[in-house]
2 protein chains.
Amino acid sequence: MGLQAISANSLPAYKDEHLVFDFAGKAVVLDGARMMLTHKEYELLALLVQHAGEIIPRGALLLRIWGYSSEIRTRTLDVHIRRLRKKLGAYAERYIETIFGIGYRFQPYRAQQFFQATAAEPIALGA
Amino acid sequence: MGLQAISANSLPAYKDEHLVFDFAGKAVVLDGARMMLTHKEYELLALLVQHAGEIIPRGALLLRIWGYSSEIRTRTLDVHIRRLRKKLGAYAERYIETIFGIGYRFQPYRAQQFFQATAAEPIALGA
DNA sequence: GCCCCATTTTACAAAAGTTTTACAGAACCG
DNA sequence: CGGTTCTGTAAAACTTTTGTAAAATGGGGC
């Protein structure tokens, strides 16, 4: 029965102490409870997690997820980031960093203890 | 005696605390009472039950049961889902989940206790 | 033809999701 | 500091999707 139940572009799942991100099953589990994410929220978080540790510029996020070419001024991205942070609960700030003037970065749970960050160096990332 | 040879698509019957789905006999029993389903209702529920736990996109349902190729806008599926839910009575929402923007999913009776169910759930998936 | 009944369509209401607006607040720069 | 730019946030506005009732359609049997 080729019912094609929800296609799966399989990447190795991301996993740390609190968060399990199953790209194949498009399921995210936080501390054992399934995170209920909308499409856009899922896509946004997935993109960040796939590039864990890297800074992703606002422009890149807006392009990849919204198809917006640069030079569109909108708060949409921020609103979605906010909702993700809300759903990430206590770990919100730890997982999703704001890189002022550049974009955002998903940080694996443990990673932050090694770099006691003052802030973030504006590491460039190709759009 | 069994002149009724085991029909070709005899799948093992689905069964849980309240619902018994006998594919071979095309009979559905809910809390001991036979559910009277029309042909389309039966096909729809059967397809969902056969893939219990999986999300089945609207497009797949419309294709498999109605032969509709995509890009036909119709509320027929929704109407049938509604009638099924009505006949499922109190268990309706528990058995048939709506996955917003994607499709529907039949959930075995017990399964939901693992994921705390607040309400209808928008599990996100890429489109 | 007429009736019955399953099914589909129509039309609108309700719900869920997304974007925009408006402004507060934080970070940067001189 | 004072000005400027950028981000956070809540709430409103908007869009899309689903739910629902009711009417229309269509096929079989009488």
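Residue numbers start from 1 in every chain, and the chains themselves are labelled A, B, ... in the order their sequence lines are given, proteins ahead of strands. Computed from a prediction, not measured in an experiment: that's the story for all the values here. These numbers come from the heavy atoms of this one structure, side chains and all, not from hydrogens, waters or symmetry mates.
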key: Results of salt bridge (charged side-chain N to carboxylate O under 4.0 Å, His left out) for B:E43 - residues two or more places apart only   = none
query = Rounded to whole angstroms, how far apart are CG on A:L61 and P on D:dT7?
reply = 11 Å
message = Taking the minimum atom-to-atom distance to the side chain of A:T38, which one of C:dT7, C:dT19, C:dG17 wins?
response = C:dG17
query = C:dT8 phosphate, OP1 or OP2: any side-chain N/O from B:W66 under 4.0 angstrom?
reply = yes
message = I need the NZ-C1' distance between A:K86 and D:dA11, as an integer number of Å.
response = 11 Å
note = Separation of C:dT7 atom P from B:L44 atom CG, nearest Å, is 11 Å
ask   = Looking at side-chain heavy atoms only, is the closest gap between B:K40 and B:I65 below 4.5 Å?
value = yes
key: Closest to the A:R75 side chain, choosing from C:dT19, C:dT8, D:dT7   = D:dT7
query = Distance check: side-chain N/O of A:Y68 vs OP1/OP2 of C:dT18, anything under 4.0 Å?
reply = no
message = For B:D31, give me all partners under salt bridge (charged side-chain N to carboxylate O under 4.0 Å, His left out), at least two apart in sequence or on another chain.
response = none
task = Give the nucleotide from the list C:dT7, C:dT8, D:dT18 with an atom nearest to the side chain of B:H39.
result = C:dT7
inquiry  = Assuming nearest nucleotide by heavy-atom distance, tell me which of A:R73 and B:E41 is located more 5' along DNA chain C.
reply    = B:E41
Nearest-Å distance for atom pair CD1/P, residues B:I102 and D:dT17 = 10 Å
key: Any B:T74 side-chain nitrogen or oxygen under 4.0 Å from OP1 or OP2 of C:dT9   = yes
message = Rounded to whole Å, how long is the line connecting atom CG of A:L77 with atom P of D:dT7?
response = 9 Å
inquiry  = Whether A:T76 contacts C:dT20 is assessed here as follows: a side-chain N or O lying under 4.0 Å from the phosphate OP1 or OP2. Is that the case?
reply    = yes
ask   = Taking side chain as C-beta onward, heavy atoms only, is A:Q107 less than 4.5 Å from A:R94?
value = no
N/O (side chain, B:H80) to phosphate O (OP1/OP2, C:dT8) under 4.0 Å = yes
message = One thing to verify: whether A:K15 and A:D22 come together as a salt bridge, which I'm taking to mean a side-chain N less than 4.0 angstrom from a carboxylate O.
response = no
message = Please confirm whether the shortest side-chain N or O distance from B:T98 to OP1 or OP2 of D:dG19 is below 4.0 Å.
response = yes
message = Just the rounded figure in Å: distance from P of C:dT18 to CG of A:L37.
response = 10 Å
ask   = Any idea which of C:dT20, D:dG19, C:dA16 is nearest the B:F100 side chain?
value = C:dA16
query = How close or far is atom P of C:dA14 from atom CG of B:D78, stated in whole angstroms?
reply = 17 Å
ask   = B:R83 side chain N/O closer than 4.0 Å to the phosphate oxygens (OP1, OP2) of C:dA6?
value = no
task = May I have the distance from B:Y42 (atom OH) to C:dC5 (atom P), rounded to whole angstrom?
result = 23 Å
ask   = Among D:dG19, D:dG8, C:dA6, which nucleotide sits nearest the side chain of B:R85?
value = D:dG19
query = Between B:F106 and B:Y14, does the ring centre distance come in under 6.0 Å?
reply = yes
